[in-house]
Amino acid sequence: MSETSVIELSRESVNNNIRFLRKKYGSKVRISSVLKANAYGHGIEQMAPMLEDAGIDHFSVFDFSEAMRVKNSLKTDASVMIMGWISPTHIKKAIFSGFEFYIFNLDRLRLALKYAQLQQLKAKIHIEAETGMNRSGLNQRDLLKVIEIIKSNPKHFEIMGFCSHLSGAESISNYMRIQQQIRKYHKMLTTFTSSGLTPQFRHLANSAASLVYPKTRLDLVRVGILQYGFWPSTETFIHYISRRKDKSDPLLRILKWKSRIMSIKEVKTGEFVGYGISFLAQSNIRTALIPIGYSCGYSRSLSNKGQVLIDGMLCNVIGVVNMNMIIADITLTNNANIGDEVVIIGKQENHEIKVSSFSDSSNMLNYEVLTHLPKNITRVVV
Ligand SMILES: *Cc1c(COP(=O)(O)O)cnc(C)c1O
């Protein structure tokens with residue numbers, strides 16, 4: 001474990017966000033909490049039990065190893081669904097562990113059948129339909145084949161779901177494509193159900209779709225980014241807020257990333273700071289050394305650009321981001337001492353450093369910054 005910084009996770013924020021989503025979706029829609037990519041960098045082992053306490057009983061992950069981590073962190077026997085990768089050697093164990101998993105091609109279905117038969121168990125499957133994203137999913141012809149195989153082996157399958165994924169609900173520029181996908185989904189669903197098979201949960205929406213296209217909520221919503229207190233895009237936030245009287249953000253960020261001042265130095269006018277010549281002191285300044293760098297997820301692109309919070313003040317990162325250290329200009333602080341808290345993401349007194357401020361360009365960057373937070377930073381629930 002790296003001890004140079006700590007990620008604090010707020011239980012109160014988790015409860016707030018889940019409360020908000022429940023109210024928004026209503027009691028008929030089940031929430032599946034998406035914990036892939038180490039719970040969007042927050043930490044699976046900390047997030048799963050907190051979400052469970054907040055009433056979540058269904059979790060989604062990308063691969064088998066994440067499913068095991070979720071299962072081992074849970075106190076109850078909540079459902080765990082694998083949306084992506086399971087190596088052929090783990091299909092048997094996935095069935096044995098009672099994991100739900102996606103069927104997106106015939107190979108996966110045949111393997112599931114083989115290992116369900118071998119263990120005299122039922123594979124809990126979600127049929128993933130190809131509706132236009134062209135990533136994973138069954139086309140109409142394969143769907144017919146899947147129906148045939150399931151119907152001839154009723155003892156070995158439990159049809160947990162019928163699902164698909166939308167190709168960019170967070171941006172209005174994809175509106176037509178999303179509408180087509182929704183129509184295609186319902187057409188394929190009809191093919192499936194009219195064969196006599198009934199999925200327990202019909203699901204299509206991620207965070208963005210659940211807000212922008214409410215009719216995609218169906219029986220279950222796979223919620224990722226929103227539960228962590230972030231909007232999928234500025235557009236989705238504006239979409240939400242423009243329909244409300246109260247214009248404040250109902251979500252609370254869960255994560256706070258902080259470190260400490262390692263050393264303090266006075267630098268004279270005309271001196272360079274750090275590697276190379278990218279920062280020249282234009283006056284006498286005071287600097288703080290902070291033991292985080294690009295090896296722990298603090299991007300080099302924040303060289304001479306990033307900001308941190310020290311003594312309640314926004315302080316500029318000066319010079320280039322090193323592998324393990326950054327330097328901040330603390331000239332304007334009144335009372336900064338060695339050992340004091342440095343906030344890299346989150347609030348300190350009246351200021352907040354947002355994940356989005358790590359870049360003003362891409363919408364997806366919230367997701368990217370979060371998922372790059374290394375696993376070896378200690379996570380503590382507060
Ligand atoms: C990641 C993912 C989600 C959650 O997406 P958010 O935008 O974070 O809500 C939902 N469904 C699938 C298939 C995913 O891969």
Side-chain angles (χ1 to χ4, degrees), residues 14 17-18 20-22 24-25 29-42 44 47 51 56 58-64 66-67 70 79-86 99-105 108 125-138 160-172 174 178 181-182 185 201-214 216-237 239-240 251 253-255 355-356 362-373:
V14 173
N17 297 347
I18 298 301
F20 166 75
L21 292 171
R22 272 209 194 298
K24 187 91 196 130
Y25 302 149
V29 178
R30 194 178 188 189
I31 295 177
S32 181
S33 159
V34 180
L35 295 182
K36 68 189 179 195
N38 198 29
Y40 290 45
H42 289 65
I44 285 181
M47 288 304 297
L51 287 158
I56 299 294
H58 196 280
F59 296 92
S60 296
V61 294
F62 177 72
D63 64 28
F64 176 79
E66 292 170 339
V70 173
S79 309
V80 183
M81 173 170 88
I82 303 170
M83 303 185 288
W85 174 253
I86 312 172
F99 293 150
E100 302 172 11
F101 53 89
Y102 276 27
I103 298 294
F104 44 76
N105 62 28
R108 171 68 70 88
I125 57 173
H126 290 254
I127 307 301
E128 189 190 7
E130 171 55 64
T131 56
M133 186 161 177
N134 290 308
R135 186 173 72 172
S136 56
L138 299 150
M160 299 308 302
F162 189 92
C163 59
S164 191
H165 190 53
L166 299 171
S167 57
E170 69 283 346
S171 170
I172 192 72
N174 300 323
I178 299 292
Q181 280 196 274
I182 296 171
Y185 173 85
F201 294 91
R202 299 162 303 154
H203 54 107
L204 187 52
N206 62 352
S207 294
S210 75
L211 297 178
V212 184
Y213 308 97
T216 62
R217 288 175 198 160
L218 303 170
D219 304 316
L220 176 144
V221 171
R222 305 180 304 262
V223 190
I225 198 86
L226 280 176
Q227 68 181 334
Y228 303 101
F230 298 95
W231 295 86
S233 62
T234 311
E235 218 177 287
T236 31
F237 177 58
H239 176 94
Y240 172 80
L251 298 172
R253 258 67 67 197
I254 292 170
L255 173 145
V355 170
S356 57
S362 150
N363 283 332
M364 294 308 288
L365 221 93
N366 269 355
Y367 294 76
E368 255 182 71
V369 172
L370 291 169
T371 55
H372 282 146
L373 292 172

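Keep in mind it's a predicted model, so treat the numbers as computed, not measured. All ligand and atom numbering here is 1-based and tracks the order in the structure.
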- Tell me, which protein residue and heavy-atom name are nearest atom 3 (C) of ligand 1, and how many Å apart are they? Lys36 NZ, 3.8 Å
- Arg222-ligand 1 polar pair, N/O distance under 3.5 Å: yes
- Item | Ser164 and Gln181: side chain donor to acceptor below 3.5 Å | no
- So, do Tyr185 and Tyr213 have ring centers that fall under 6.0 Å from each other? no
- What protein heavy atom is closest to atom 7 (O) of ligand 1, reported as residue, atom name and distance in Å? Tyr367 OH, 2.8 Å
- Message: Checking a contact table here: which protein heavy atom is nearest atom 8 (O) of ligand 1, and how many Å away?
- Response: Tyr40 OH, 2.5 Å
- Query: Which residue supplies the protein heavy atom nearest to atom 9 (O) of ligand 1, what is that atom called, and how far is it?
  - Reply: Ser207 OG, 2.5 Å
- Note on the structure: The side-chain contact (heavy atoms from CB on, under 4.5 Å) partner of Ser210 among Thr216, Leu218, Leu226 is Leu226
- The single option from Ile254, Val223, Leu51 that satisfies side-chain contact (heavy atoms from CB on, under 4.5 Å) with Asn17 is Ile254
- Query: How long is the gap from CH2 on Trp231 to NE2 on His239, to the nearest 0.5 Å?
  - Reply: 9.5 Å
- All heavy atoms of His165 vs all of Thr131, minimum pair found to be O-OG1, 4.2 Å
- Message: Give the atom numbers and elements of ligand 1 that come within less than 4.0 Å of a heavy atom of His165.
- Response: 10 (C), 11 (N), 12 (C), 13 (C), 14 (C)
- Query: Considering distance alone, does some N or O of Ala208 sit under 3.5 Å from an N or O of ligand 1?
  - Reply: no
- Message: Taking 4.0 angstrom as the limit and counting only heavy atoms of Ile225, give me the atoms of ligand 1 inside it, by number and element.
- Response: 6 (P), 8 (O), 9 (O)
